[in-house]
Undergrad: 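One structure, as structure tokens, below. Some questions next.
Residue numbers count from 1 along this sequence. The structure presented is a predicted model; accordingly, all values stated were derived computationally and were not measured. Counting starts at 1 for both ligands and their atoms, following the listed order.
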Amino acid sequence: MPSVSPMRVPGRVQVLVAGGGPVGLAAAVELGRRGIDVLVVEPRAAVSHARPRCKTLNVRTMEHLRRWGLAERLRARAPLPPSWSQDVVFCTSLSGRELSRFTGVLGLVPEGDRFPETGQQAPQYVLEEVLREAVEEIAPGRLVLGSKVVGVRQDDESVAVTVDDGTGRRVVVTADYVIGCDGPRSVVRDEIGARYVGGEALRPNFGMVFESPGLWEHVAHGPAVQYWVVNAAAPALVGPLDRTDTWWAIGFGVDRETGEREARRIIDGVAGRPVRAKVLSTDPWTARMMTVDRMRDGRVFLAGDAAHLNPPFGGHGLNTGIGDAVDLGWKLAAVLDGWGGPGILDSYESERRPVQERVIREATANMRVLSTELYADDLDADDEAGARARRAAGVRIQETKKAEFHSLDLVLGLRIADSPIVPAARSLWAGARLPHLFLADGRSLYDVLGAGLTLLALTEDAPVAAVEEAARLRGVPLGVVRLPEPVAAGYAAKLGARLVLVRPDQVVAWLGDEAPEDAVSLIDTVGGGAPRPLHTSQERKHHV
Ligand SMILES: Cc1cc2nc3c(=O)[nH]c(=O)nc-3n(C[C@H](O)[C@H](O)[C@H](O)COP(=O)(O)OP(=O)(O)OC[C@H]3O[C@@H](n4cnc5c(N)ncnc54)[C@H](O)[C@@H]3O)c2cc1C
């Protein structure tokens, strides 16, 4: 991976991203594809294979990767294709009895028109490697590795960011805007005086990656993306990192010391028998439920784990951070390109905070029942008492864990209810993700949307002229897409509108059957309400 010596970084950029984890890299891709001059500062020379952490990339993240042209690349690198398994199994051990099973989990199965990309199981490092490459391709030399941000000072005009190259040498980079994607120990968060608010779980967890040649031969339940092991010896969550011998595991209620000492015993407990295994890395962690008291100070923003933390159950943390990066990315680009007003940046926190808070609530609910809570005597007994215990466990598992594995309403269904750039509307589609549709030729509706605003015309005679003219006057990039029959009529009926104004992030900004009464005011609202001079031409940079 090529990197740039921090002493050769540009002195001035439009956006400096502190932190090249998944969220910072995603922000850089979103910005870079829009022609914004971006710089990412990241301490880690290489991505960490020792802490795979995220495995669940949800449908929404895969939709963004598709928009960036990266979905196929990611899937090609992911060791477990969705077709390999879409199951989560609860069992007394890998070689023991099955207690219950969820199928079609985590968006891994297509559902007709509902989404163009299924979810994907992939270790976090696979995503990070793909995104690092993409940043290098889009903005060569703008991923600075081995360096970290140590200071952030701003005035009305710009932000001065001090970058340390790891040897104590420092340079100052001036940026129009800064995004702090520097994770839980965010320096940027400290520098702007923001702080986490919330709590943490009482129980520790012990993550590890291990290699166990031959373990698959003992797995009694067939392929699954997660095995929840419910026994007294090693209550745990375990899954394959690849289709050969590498596994990840989380021992519930296991602290660092115990985990380091007893890792081999835990692996045997998970397997339900002694197995050959080598621990490759360990990763103790405790769940935290936190959001920052503010996500922005002037020209500096926070995104991803720097801004919010949730328990990992359900697989939402990174995915929510990618949502932050997309939201902030197109908005900063709109401002830097001259068509976004101040309201567009104000909308970042008002749109993202409710999502983050809901994710924290749901992930916390998912954490209430883990293998430790599901354990009961007799689960492995051969007699009638054993059968009864297993039936009871099965019922409880289905009652308490379903929402964790079937969460598409959360992933796709969240609607922006209160935003300065989404005009108040009666329709429930306003502020929602544009319902997806495959066109007659098999293309995704999302593939025909433009990089700026898109006005979808759902009938031949849909009156597009007023909105088109307003966008032209205001210098807002807007493309008109006429949906062909036969899909258009059904789609118009579903939305209850002939016209749909779609944002760059595939969110419905406005919809109606007739042209809006005041199209200029609509465009001003969606563009952040800046008092801007009227443009006479719509010449803009268009890089997406
Ligand atoms: C066990 C576990 C399982 C998980 N599973 C999932 C899952 O399945 N799905 C999911 O969506 N999420 C999951 N998560 C959450 C996910 O790992 C995080 O949400 C994700 O890593 C957040 O990405 P980020 O880029 O915001 O922060 P980080 O990944 O923490 O990246 C921050 C980056 O900033 C860099 N940095 C630090 N300090 C500085 C500095 N001063 N200057 C510049 N850079 C700096 C760091 O080197 C790092 O690269 C899981 C978490 C855990 C613990």
Undergrad: Got the closest protein heavy atom to atom 28 (P) of ligand 1, with its distance?
TA: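 Looking at atom 28 (P) of ligand 1, the protein heavy atom closest to it is G183 CA, 4.3 Å.
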Undergrad: Considering non-hydrogen atoms of the protein only, which is the closest contact for atom 26 (O) of ligand 1, and what is the distance?
TA: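 For atom 26 (O) of ligand 1, the nearest protein heavy atom comes out as D305 N, 2.9 Å.
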Undergrad: According to the interplanar angle, ranging from 0 to 90°, do the rings of W216 and Y227 count as parallel (below 30°), tilted (30 to 60°) or perpendicular (above 60°)?
TA: perpendicular
Undergrad: Is any side-chain heavy atom of V163 closer than 4.5 Å to a side-chain heavy atom of V9?
TA: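 A side-chain contact under 4.5 Å is absent here.
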Undergrad: Could you find the nearest protein heavy atom to atom 39 (C) of ligand 1 and give me its residue, atom name and distance?
TA: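 The answer is D182 CB, 3.6 Å.
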Undergrad: Answer yes or no: are there more than 12 heavy-atom neighbours, outside K148 itself, under 6.0 Å from its atom NZ?
TA: no
Undergrad: Can you list the ligand 1 atoms lying under 4.0 Å from a non-hydrogen atom of V187?
TA: 41 (N)
Undergrad: Students should be able to answer this: which protein heavy-atom is nearest to atom 48 (C) of ligand 1, and at what distance?
TA: E42 OE1, 3.5 Å
Undergrad: Under a plain distance cut-off of 3.5 Å, with no hydrogens placed, do Q121 and W84 share a side-chain donor-acceptor pair?
TA: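 Note: W84 and Q121 side chains miss the donor-acceptor criterion.
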Undergrad: Among C54, G207, G151, whose heavy atom sits nearest atom 6 (C) of ligand 1?
TA: C54
Undergrad: How are the rings of W228 and F90 set to each other: parallel, tilted or perpendicular (split at 30° and 60°)?
TA: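 Answer is parallel, since the angle falls under 30°.
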Undergrad: Can you name the closest pair of heavy atoms from A271 and S95 and give their distance?
TA: O-OG, 2.6 Å
Undergrad: Using a 3.5 Å cut-off on N or O atoms only, is P43 in polar contact with ligand 1?
TA: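 No: no nitrogen or oxygen of P43 is under 3.5 Å from one in ligand 1.
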Undergrad: Under a 4.5 Å cut-off applied to non-hydrogen side-chain atoms, are M367 and M289 in contact?
TA: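 Heavy-atom side-chain distance check passes, below 4.5 Å.
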Undergrad: Could you tell me, atom by atom, which parts of ligand 1 come under 4.0 Å of a heavy atom of P184?
TA: 30 (O)
Undergrad: Can you pull out the closest protein heavy atom to atom 32 (C) of ligand 1? Residue, atom name and distance to 0.1 Å, please.
TA: C181 O, 3.4 Å
Undergrad: Among all protein heavy atoms in this structure, tell me which lies nearest to atom 43 (C) of ligand 1, with the distance rounded to 0.1 Å.
TA: V41 O, 3.3 Å
Undergrad: Compute the shortest N/O to N/O distance between W285 and ligand 1 and return yes if it is under 3.5 Å, no if not.
TA: no
Undergrad: Can you classify the ring geometry of Y177 versus F301 as parallel (below 30°), tilted (30 to 60°) or perpendicular (above 60°)?
TA: tilted
Undergrad: Among P52, P312, S186, which one puts a heavy atom closest to atom 2 (C) of ligand 1?
TA: P312
Undergrad: Counting heavy atoms only, name the option from P22, A307, G21, P123 that's nearest to atom 23 (O) of ligand 1.
TA: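 Minimum heavy-atom distance to atom 23 (O) of ligand 1 goes to P22.
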Undergrad: Testing the 3.5 Å rule here: is there a donor-acceptor pair between the side chains of T282 and E260?
TA: yes
Undergrad: Tell me whether the centres of the aromatic rings in Y125 and H49 are closer together than 6.0 Å.
TA: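 Distance test on ring centres: under 6.0 Å, yes.
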Undergrad: May I ask you to check whether E128 has an N/O atom sitting below 3.5 Å from an N/O atom of ligand 1?
TA: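 Checking ligand 1 against E128, no N or O pair falls under 3.5 Å apart.
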Undergrad: Under 4.0 Å, counting heavy atoms only: does A287 come that close to any atom of ligand 1?
TA: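 Contact absent.
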Undergrad: With a 4.0 Å cut-off, would you call R203 and E373 a salt bridge?
TA: yes
Undergrad: Do other residues, nucleotides or ligands put more than 12 heavy atoms under 6.0 Å from E137 CD?
TA: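 Atom CD in E137 is packed in, count exceeds 12.
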Undergrad: Which option out of Q124, R53, R185 puts a heavy atom nearest to atom 53 (C) of ligand 1?
TA: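 Shortest heavy-atom distance from atom 53 (C) of ligand 1: R53.
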Undergrad: So for ligand 1, is S147 a polar contact partner (N or O within less than 3.5 Å, distance only)?
TA: no
Undergrad: Which residue supplies the protein heavy atom nearest to atom 12 (N) of ligand 1, what is that atom called, and how far is it?
TA: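 Answer, as residue, atom name and distance: L318 N, 2.9 Å.
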Undergrad: Which residue owns the protein heavy atom closest to atom 24 (P) of ligand 1, what's the atom, and how far is it?
TA: V23 CG2, 3.7 Å
Undergrad: Would you check the N or O atoms of V149, main chain and side chain alike, for any that come under 3.5 Å of an N or O of ligand 1?
TA: yes
Undergrad: Ignoring angles and geometry beyond distance, decide whether K148 reaches within less than 3.5 Å of ligand 1 through its nitrogen or oxygen atoms.
TA: no
Undergrad: If we only count heavy atoms from C-beta on, is the E42 to D182 side-chain gap below 4.5 Å?
TA: no
Undergrad: G304 heavy atoms, cut-off 4.0 Å: which ligand 1 atoms fall inside?
TA: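 By the 4.0 Å cutoff, the relevant atoms are 26 (O).
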